[in-house]
Asks: 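First, the structure itself, so that you have it in front of you.
Naming convention: chains lettered A, B, ... in sequence-line order (proteins, then strands); numbering from 1 in each chain. Model, not experiment: these values are computed from the prediction.
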Protein chains: 2
Amino acid sequence: MSSPFQAIADPTRRQILDALRAEGPQRAGDLAARFPAISRPGVSKHLRVLRQARLLRQERRGRELWYQLDATPLSQVEAWLEQYAAFWEEKLRDLKKAVEE
Amino acid sequence: MSSPFQAIADPTRRQILDALRAEGPQRAGDLAARFPAISRPGVSKHLRVLRQARLLRQERRGRELWYQLDATPLSQVEAWLEQYAAFWEEKLRDLKKAVEE
DNA sequence: CCAATATGTAACTTATTGGTTACAAATATA
DNA sequence: TATATTTGTAACCAATAAGTTACATATTGG
């Protein structure tokens, strides 16, 4: 039952989400093959974390398991982040101004 | 040198950022006092993580250390997240539609 | 000058995380 | 049916994280 904040903290997990976003549903094995530096069960554990954060939908097709992105929980992160937008924009405005002077 | 993704993964650290955003600059001790369940040095360690993620500016005033939010690094998170907005909106549209039917 | 205050850090402990290898279970295929 | 394929999980290990207490340092105020 991990939070979406937790789930996206790890760069490998972000890459998994990126792959599903950019290329659509994929099998567990396809996803694992993207990370030659990590064993297949290692990737499987990342998938579990993402599953527990409800970021993945899974569909069994015979012996294959297809994973699909469900980005809905990321809207929680967005909602939190949104409150900060004014603050970094202010900062970037200052920076821009400083450059112009 | 922790990433903003790492830094915001912990709920206590998010609360620290929230406090600085909502109420402006505060002393290290003020921030620590918000978390009766955690010792002052415990909070101090969270402040270090936030500092290393460059989310805090500090200003020494005598023996007091004032912390101020610098939200700029959060724009990295926003940039990543932005690519997913279409996906969760799609999901919410589906949900709305289902409710209406 | 000395005691109190504000803060960070070191050293340590425990829990969590990210990785591994070995194995089990289900399904497809020769 | 026997074998190969696809996948998750259990058990384990090392590194990291989050917490603690004890301590060091700097500054203020009596």
Asks: Under 4.0 Å, counting only non-hydrogen atoms across every strand here, what does Arg13(A) touch: a base, just sugar-phosphate, or nothing?
Replies: sugar-phosphate
Asks: Heavy atoms only, 4.0 Å cut-off, all strands: where does Gly42(B) land among base, sugar-phosphate and nothing?
Replies: base
Asks: Would you mind reading off the distance between Asp10(A) atom CG and dA17(D) atom C1', rounded to a whole angstrom?
Replies: 14 Å
Asks: I need the CD-P distance between Glu64(A) and dA28(C), as an integer number of Å.
Replies: 9 Å
Asks: Nearest whole Å is fine: how far is dG18(C) P from Phe5(B) CZ?
Replies: 15 Å
Asks: Please report, rounded to the nearest Å, how far the P atom of dA18(D) is from the CD1 atom of Ile38(B).
Replies: 10 Å
Asks: Take atom CD of Gln6(A) and atom P of dA15(C), then tell me their distance rounded to the nearest Å.
Replies: 17 Å
Asks: How many whole angstroms separate atom CG of Leu50(A) from atom P of dT7(D)?
Replies: 16 Å
Asks: Give a yes or no answer on whether the side chain of Ser3(B) reaches the backbone of Gln6(B) with a donor-acceptor pair at less than 3.5 Å.
Replies: yes
Asks: May I have the distance from His46(A) (atom NE2) to dT17(C) (atom C1'), rounded to whole angstrom?
Replies: 9 Å
Asks: Quickly work out the Arg63(B) CZ to dA6(C) P distance and round it to whole Å.
Replies: 6 Å
Asks: Using a 4.5 Å cut-off on heavy atoms from C-beta on, say whether the side chain of Arg27(B) contacts that of Tyr67(B).
Replies: no
Asks: Can you say whether a donor on the side chain of Arg40(B) sits under 3.5 Å from an acceptor on the base of dG8(C), or the other way round?
Replies: yes
Asks: Return yes if a side-chain donor-acceptor contact under 3.5 Å exists between Glu64(A) and Trp66(A), otherwise no.
Replies: yes
Asks: What about Lys45(B), does its side chain sit under 3.5 Å from the base of dG19(D) through a donor-acceptor pair?
Replies: yes
Asks: Contact class for Phe35(B) (heavy atom, under 4.0 Å): base, sugar-phosphate, or nothing?
Replies: nothing
Asks: Taking any heavy-atom pair under 4.0 Å as a contact, classify Ala9(B): base, sugar-phosphate, or nothing.
Replies: nothing
Asks: Are the side chains of Glu59(A) and Gln68(A) in contact, using a 4.5 Å heavy-atom criterion?
Replies: no
